[in-house]
Number of protein chains: 4
Amino acid sequence: MPRISAERMQDREDSLLAAAREVFACKGYEAAAVSDVARVAGVSDGLVYRYFGSKRDLLLAVLDSFYSRIIDDLERAVSLSASFEQRVATLVHKHVERFVDDMALCRLFIVEVRNFDEYVGSETHELNRRYTSILMRILADGRAEGRVAGDIDDRLVRDMMFGGIEHVAWRHILAGHPIDVERVAGQITRLLLGGISTSRAS
Amino acid sequence: MPRISAERMQDREDSLLAAAREVFACKGYEAAAVSDVARVAGVSDGLVYRYFGSKRDLLLAVLDSFYSRIIDDLERAVSLSASFEQRVATLVHKHVERFVDDMALCRLFIVEVRNFDEYVGSETHELNRRYTSILMRILADGRAEGRVAGDIDDRLVRDMMFGGIEHVAWRHILAGHPIDVERVAGQITRLLLGGISTSRAS
Amino acid sequence: MPRISAERMQDREDSLLAAAREVFACKGYEAAAVSDVARVAGVSDGLVYRYFGSKRDLLLAVLDSFYSRIIDDLERAVSLSASFEQRVATLVHKHVERFVDDMALCRLFIVEVRNFDEYVGSETHELNRRYTSILMRILADGRAEGRVAGDIDDRLVRDMMFGGIEHVAWRHILAGHPIDVERVAGQITRLLLGGISTSRAS
Amino acid sequence: MPRISAERMQDREDSLLAAAREVFACKGYEAAAVSDVARVAGVSDGLVYRYFGSKRDLLLAVLDSFYSRIIDDLERAVSLSASFEQRVATLVHKHVERFVDDMALCRLFIVEVRNFDEYVGSETHELNRRYTSILMRILADGRAEGRVAGDIDDRLVRDMMFGGIEHVAWRHILAGHPIDVERVAGQITRLLLGGISTSRAS
DNA sequence: AATGAATGAGTTTTCATTCAT
DNA sequence: AATGAATGAAAACTCATTCAT
């Protein structure tokens, strides 16, 4: 017979998640201690392990909840755009904005999770796919509309876009000067859509 | 354990560097222990500190030696290319190849060094700048030749290219299927030069 | 190893303190390892750091608890003495006795703490002041009663007394022959009060 | 067949001793590394062990050479004083001055050597005895001249004097204000000779 | 005689995780 | 269900000392 209701358990899990997000974002995964998370959440160390199997699980849960949130947000924004070019522009804009707003969590994902063996096949991986699949659908639709050059591999575009934006955002963040999201996103969009060359490229 | 003569100190340093490269590449920086490196190099723990001041120094030395090697290689390759487009193609090709050949080291740089405070201003940062400056020169020359669209920010191109290739390479590596360097580099080059759109973009 | 209830935390702290006192007294601060203390206390190494932030903190806690104990004792003894001379005699007697009873801790204070930069301004320093202030009050009162020569600097007396007794005690302890506290304290008192000379000194 | 002459060996030993004096004085015994000494002396680590059996031996040698120097100096100064009181005054003055001039070495002796088991019976102990015996002779002579109160134990006087001066000097040094040697020595001398009391003490 | 590379034991401290209460 | 005291296994780094050269 449970002493606390399911509702209460959910609240606890949420507050632990929030605490973990804060602590991991602030100190990074390695430097964060489970007891930091417990303290911030206002519970005992031991209780953390009733809700999450390990420190690693906690990290993944933080990132998964982050992804759930941003996927919905991105989908909603993209759905409001009319043309292919607008949808790309919106996605680029939102993604750049994501780096600006949630730098620490993006970094957490890039540095602590994405590169590890366990990543492939994980829930986090699946969520990342769902996030990027929003672009894949835009590209498929754009191709159907004849807006995408025929010899382009969509996965390549996806990687170039997300990889590129990651670097651009990082450069600004490391350099310490704030990103003018509007301008940067506009430039990236133009580059992606139109390329570097003055003439049609080979 | 043989005591080595003065003239073999360089060998020792090299073998420590090689051991560190292997261990860091395999386990990542945090997970690797200095004693792992020592064991692989066949020396005592303490000796590592005779050659490298700290675990961190060892990491940076590994990356610096890596950079020194690949900068020359890239410069030579690029210098052999005639046109702007060829030079870009060569650089993309070489960079993709680099990820294929030295995935672990690229990852080490990206994950363990690039995102840390101490990075800016370090020797490694300088080497990274030299590496990327090869592209910057290509772009500047291309612009002088009128091959680059006027409204393009070179640093943006740099980030999109290196960031994009990083993700492309990663996808293949994570998925476990080998990269057809020729084909992938070609596609990336085309995308960068010509963009996604069928017509001139926005 | 039994897990203790909350109400027994104090006991744990006390037993750690006792273990540290023993180990430090026996081996000195530098030569003592935290794991020695843990072993003597019958706990794990890590637990020491739950109660004391560092090895240094442990040392200071040992000395502070020592001082707390002896200050009360000295104050009580002195307060029972009627005249200036008696109070000085009592203090000397008690102080010599202290060296005899707690040689190792006195030595710990003198050797490991008193001469270090961090000492000034520390809790231990404050306790030491309280201890020595007992003598300062005796001297001030004695001066008010006209029992102290006018040109004497009280701080000088304090240093001569404590420094002198320290050496006297040390000599006996090093030589290995027990101190006749009564006799030695009497001699010291006489010397301090009356000086060496047969006639009034220069 | 020795490759270097006995003379050269002596020079080496002297320069090692000087280097050790400097390093120990500056950093303390524990914090000083043998290789620091070697570097300062301009020789290899290994060579230190040809001249001194261990780091400890090096410390003792430093202190022994220090004692040899100051013993002569003190003896000479005292021999120039005419009366008992003058001789005491000179000795006090010289001893206070010693603390001022050679604070670090005094501290080294007090903290690192005097309190250790091996001290009793060591060369250093013997030198310390010779140093303090200068006072013992003064007292014996003073007693013969009737200048010393009959019931005084000379060893007690010795301890009170050296212990007291040690504390006085230390207080000034810790507090950071320079000692007015003349004044302080004068006060100490007066206190030792005449005592605290306004009247002849019990 | 001299070097200095090499050793390897030893130290403090941290923390994820467990489990008696 | 909740606690938080306790564990114990690392792990980075230092250095006195040795000994092949």
Side-chain angles (χ1 to χ4, degrees), chain A residues 1-5 8-9 12 30-39 43-58, chain B residues 1-9 12-13 30-38 42-56 58, chain C residues 1-9 12-13 30-38 42-56 58, chain D residues 1-5 8-9 12 30-39 43-58:
Chain A
M1 183 205 287
R3 300 263 269 291
I4 67 167
S5 67
R8 180 128 175 68
M9 277 192 65
R12 269 247 224 267
E30 289 287 351
V34 172
S35 62
D36 291 339
V37 175
R39 187 165 11 81
V43 301
S44 67
D45 291 19
L47 196 59
V48 176
Y49 287 86
R50 280 204 165 265
Y51 290 83
F52 302 93
S54 69
K55 188 187 177 188
R56 190 97 201 143
D57 283 354
L58 197 49
Chain B
M1 207 54 47
R3 260 73 171 204
I4 63 174
S5 72
E7 71 204 10
R8 285 187 49 204
M9 273 193 65
R12 248 310 136 84
E13 187 169 323
E30 290 287 354
V34 173
S35 60
D36 292 337
V37 176
V43 301
S44 68
D45 291 21
L47 193 61
V48 176
Y49 288 88
R50 200 160 248 292
Y51 289 84
F52 303 93
S54 68
K55 187 187 174 188
R56 191 95 203 145
L58 195 50
Chain C
M1 210 52 51
R3 260 73 173 205
I4 64 170
S5 71
E7 71 202 10
R8 285 186 49 202
M9 275 194 62
R12 246 312 134 83
E13 187 169 323
E30 290 286 354
V34 172
S35 60
D36 292 337
V37 176
V43 301
S44 67
D45 290 20
L47 194 62
V48 176
Y49 289 85
R50 199 161 249 292
Y51 289 85
F52 303 93
S54 68
K55 187 185 176 188
R56 192 95 202 146
L58 196 50
Chain D
M1 184 205 286
R3 300 264 268 292
I4 67 171
S5 68
R8 178 125 176 71
M9 277 194 64
R12 270 252 221 264
E30 289 286 352
V34 172
S35 62
D36 291 339
V37 175
R39 185 164 13 82
V43 301
S44 67
D45 292 18
L47 196 60
V48 175
Y49 288 85
R50 277 203 169 268
Y51 289 83
F52 302 93
S54 68
K55 186 185 176 189
R56 191 96 202 144
D57 282 355
L58 197 48

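The sequence lines fix the lettering, A, B, ..., with proteins before strands; numbering per chain opens at 1. Since the model is a prediction, treat every value here as computed from it, not as a measurement.
F/dG4 atom P lies 13 Å from atom OH of C/Tyr51, rounded to whole Å. In this structure, A/Arg39 places its CZ atom 15 Å from P of F/dT3, rounding to the nearest Å. One atom, CZ of C/Arg50, and another, P of E/dA16, lie 12 Å apart when rounded to the nearest Å. In this structure, the CZ atom of B/Arg12 is 14 Å from the C1' atom of F/dT21, given to the nearest Å.
For D/Arg56, the salt bridge (Lys or Arg N to Asp or Glu O under 4.0 Å) partners are D/Glu118, not counting sequence neighbours. With sequence neighbours left out, the side-chain contact (heavy atoms from CB on, under 4.5 Å) criterion links D/Glu30 to C/Glu30. With sequence neighbours excluded, the residues that form a side-chain contact (heavy atoms from CB on, under 4.5 Å) with D/Val43 are D/Arg12, D/Leu16, D/Ala38, D/Ala41, D/Leu47. The salt bridge (Lys or Arg N to Asp or Glu O under 4.0 Å) test applied to C/Asp36 returns C/Lys27, C/Arg39, not counting sequence neighbours.
In the helix from E/dA2-F/dT21 to E/dT21-F/dA2, the rotation axis of the first five pairs and that of the last five pairs differ in direction by 10°, rounded to 10 degrees.
Closest to the B/Ser44 side chain, of the nucleotides F/dT7, E/dT7, F/dA6, is E/dT7.
Closest non-hydrogen pair, A/Tyr51 versus A/Met9, comes out as CE2-O, 3.4 Å.
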Could you run through nucleotides 10-15 of chain E and give me one letter per nucleotide, 5' to 3': B if any protein heavy atom sits under 4.0 Å from the base, S if only the sugar-phosphate is that close, - if neither? --SBBB
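Rounding to the nearest 0.5 Å gives a distance of 9.5 Å between OH of D/Tyr49 and CG of D/Asp57.
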